[in-house]
Trainee: 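I have a structure I would like to understand better, so I am pasting it below and will then ask my questions one at a time.
One-based numbering, in listed order, for ligands and for the atoms of each. Remember, predicted model here, so these are calculated numbers, not experimental data.
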Amino acid sequence: MEGNHGIEPDQQVLFVGLVCVDILNHMEKYPIEDQAHRCLDCVWQRGGNASNSSTVISLLGGSVEFFGTLSDSKERSFIEEDFKKYKVEFERCVVVPNTLCPISVVILNKETSSRTVLHTNKNLPELKLSHLQDKIDLCSGLVGWIHFEGRDNAEEMAKMLKYIDQQNEQLISSSSSRKRIITSLEAEKLRLAPRLVEFDMWRLPDVMFVSKDFARTLGYTDMESAAQGLYERLKPGAVLICAWGEQGAAAMSAQSGLVTSAAFPPDGIVDTCGAGDTFNAATIHALSKGKDVKDSITFGCKVAGFKCGIQGYENIK
Ligand code: ADP
């Protein structure tokens, strides 16, 4: 069955969220406090959920833009070079002078495969509705899908989602042949949970991605009951998608009912950092190509499983 989230071939997906620098420290085992340790490897990567997902869509052949605030710090050139390397457009980002670039120091423990993230964001402001209105022309027809990484600017994100809705309404009333812009939102950071309720955000996006930890915080113990239970909170016609690590993913929509995909484990786990971002990107890519919900989460699991078997994103296909 054809899905109803397809965008035009010449349209792009816009990812809204954070870009930061990830410093990945690969270690034989977890470090002991107050001791010096040698790492197996240390890799600098462009990071941030929305920024990672942009990379993955581009590698899958999609046209993509990242939109967020960008610190005018010494790390800026590293970030911009990397966006260019992966053919992710970023030129409309809001560059903020006199701010420090957010940094994530990640400890990757080879013994247990655990990922410990130490994130610092001292003063980079979050994106506001006015930035979107100033920088992105939603009427141009260029943007077909806008994905939001759920962050601390929940109130502004709610305003942005409502603004896109209004633009879509205008499009429909002007009987233009252009399709409405599809929206999606990722709920991963646990502190977002009360804010989704406060700003009535469950009912705003067309597609809602909920992470395993987020669903667990809300009391769900498996992906099927999370997809079914949380689907009730969405607006009519919306899709709930829930990735669940090595279990795979589940989704629920009026059209598909409850659907699941198993995970696709690689021969050996190399790097699970960004598995969720990869899953979101690949699932959006498939939905935006007109695939149905089950095929889309299956594609998401395949690409995310492949990603777990390689370092970074470079060879994703
Ligand atoms: P996050 O990176 O947000 O913790 P998850 O751990 O839920 O994300 O993983 C997202 C997707 O990545 C899963 O749905 C699954 O398809 C894939 N994945 C994650 N871990 C593994 C694994 N160990 N083996 C195979 N696939 C995995």
Side-chain angles (χ1 to χ4, degrees), residues 15 17-18 20 22 24 45-57 59-60 104 106-117 119 147-151 184-193 207-218 220-227 230 239-252 258-287 291 293-313 315-317:
F15 277 94
L18 179 79
C20 64
D22 286 348
L24 309 178
Q45 265 180 203
R46 171 170 51 82
N49 293 13
S51 145
N52 292 337
S53 294
S54 312
T55 302
V56 173
I57 289 230
L59 289 167
L60 293 172
S104 285
V106 185
I107 300 169
L108 297 158
N109 179 356
K110 194 175 171 192
E111 198 174 51
T112 62
S113 301
S114 74
R115 312 171 291 198
T116 306
V117 182
H119 186 67
H147 174 83
F148 290 86
E149 168 192 341
R151 300 189 48 74
S184 54
L185 172 64
E186 176 201 39
E188 187 217 33
K189 293 171 181 67
L190 306 182
R191 58 186 184 273
L192 188 66
V207 180
M208 183 84 185
F209 289 91
V210 177
S211 76
K212 175 171 80 175
D213 286 349
F214 197 93
R216 277 191 175 146
T217 305
L218 298 178
Y220 294 96
T221 52
D222 62 88
M223 62 186 188
E224 290 86 356
S225 59
L230 295 172
V239 185
L240 192 295
I241 299 179
C242 186
W244 209 273
E246 301 96 272
Q247 304 275 307
M252 177 84 190
L258 176 67
V259 289
T260 60
S261 166
F264 292 82
D267 291 339
I269 298 283
V270 175
D271 170 24
T272 60
C273 270
D277 304 335
T278 304
F279 171 82
N280 292 352
T283 303
I284 289 172
H285 184 67
L287 286 170
K291 298 253 187 281
V293 174
K294 182 170 169 67
D295 286 353
S296 297
I297 61 167
T298 304
F299 183 69
C301 285
K302 275 186 188 159
V303 179
F306 178 84
K307 187 266 154 298
C308 292
I310 59 169
Q311 173 62 53
Y313 303 93
N315 298 312
I316 282 182
K317 50 192 175 334

Trainee: Students should be able to answer this: which protein heavy-atom is nearest to atom 3 (O) of ligand 1, and at what distance?
Mentor: G276 CA, 3.6 Å

Trainee: Taking the side chain as C-beta and beyond, is there a heavy-atom pair between V56 and D277 under 4.5 Å?
Mentor: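 Result no, sub-4.5 Å side-chain heavy-atom pair not found.
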
Trainee: Can you tell me which portion of E186 lies within the under-4.0 Å heavy-atom range of ligand 1? Options are side chain, backbone, both, or neither.
Mentor: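 Neither part.
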
Trainee: Can you give me the closest heavy-atom contact between R151 and L192, atom names plus distance?
Mentor: O-CD1, 3.4 Å

Trainee: Give the residue, atom name and distance (to 0.1 Å) of the protein heavy atom nearest atom 21 (C) of ligand 1.
Mentor: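 Its nearest protein heavy-atom neighbour is C308 SG, 3.8 Å.
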
Trainee: So, does R115 sit close enough to ligand 1 that a heavy atom of it is under 4.0 Å from the ligand?
Mentor: yes

Trainee: Pull out every atom of ligand 1 sitting under 4.0 Å from any heavy atom of G305, numbered as shown with elements.
Mentor: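 Answer, ordered by atom number: 26 (N).
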
Trainee: Under a heavy-atom criterion of less than 4.0 Å, does S211 contact ligand 1?
Mentor: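 Under 4.0 Å: no for S211.
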
Trainee: Taking only non-hydrogen atoms of E246, do any sit less than 4.0 angstrom from ligand 1?
Mentor: yes

Trainee: Between OG1 of T55 and CG of L60, what distance do you get to the nearest 0.5 Å?
Mentor: 10.5 Å

Trainee: Of the backbone atoms (N, CA, C, O) and the side-chain heavy atoms from C-beta on, which set of D277 has a member under 4.0 Å from an atom of ligand 1: side chain, backbone, both, or neither?
Mentor: neither

Trainee: Return the CZ to CD distance between F264 and E246, rounded to the nearest 0.5 Å.
Mentor: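 If I round to the nearest 0.5 Å, the distance is 15.0 Å.
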
Trainee: Roughly how far, to the nearest 0.5 Å, is the CD1 atom of I241 from the CG atom of N280?
Mentor: 8.0 Å

Trainee: Counting heavy atoms only, which of S113, C242, A304, G245 comes nearest to atom 15 (C) of ligand 1?
Mentor: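 Nearest heavy atom to atom 15 (C) of ligand 1 lies in G245.
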
Trainee: Considering non-hydrogen atoms of the protein only, which is the closest contact for atom 14 (O) of ligand 1, and what is the distance?
Mentor: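 Residue, atom and distance for the closest contact: G248 O, 2.9 Å.
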
Trainee: For atom 25 (C) of ligand 1, what is the closest protein heavy atom, and at what distance to 0.1 Å?
Mentor: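 Here the closest protein heavy atom is P265 CA, 3.6 Å.
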
Trainee: Could you go through the side chain to side chain donor-acceptor pair (under 3.5 Å) check for Q311 and Q45 one step at a time?
Mentor: CA-CA 11 Å; Q311 173 62 53; Q45 265 180 203; 3.3 Å; yes

Trainee: Test side-chain contact (heavy atoms from CB on, under 4.5 Å) on E149 and E188; report intermediate values, then the result.
Mentor: CA-CA 8 Å; E149 168 192 341; E188 187 217 33; over 6 Å; no

Trainee: Roughly how far, to the nearest 0.5 Å, is CZ of F15 from CG of N52?
Mentor: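 If I round to the nearest 0.5 Å, the distance is 10.0 Å.
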
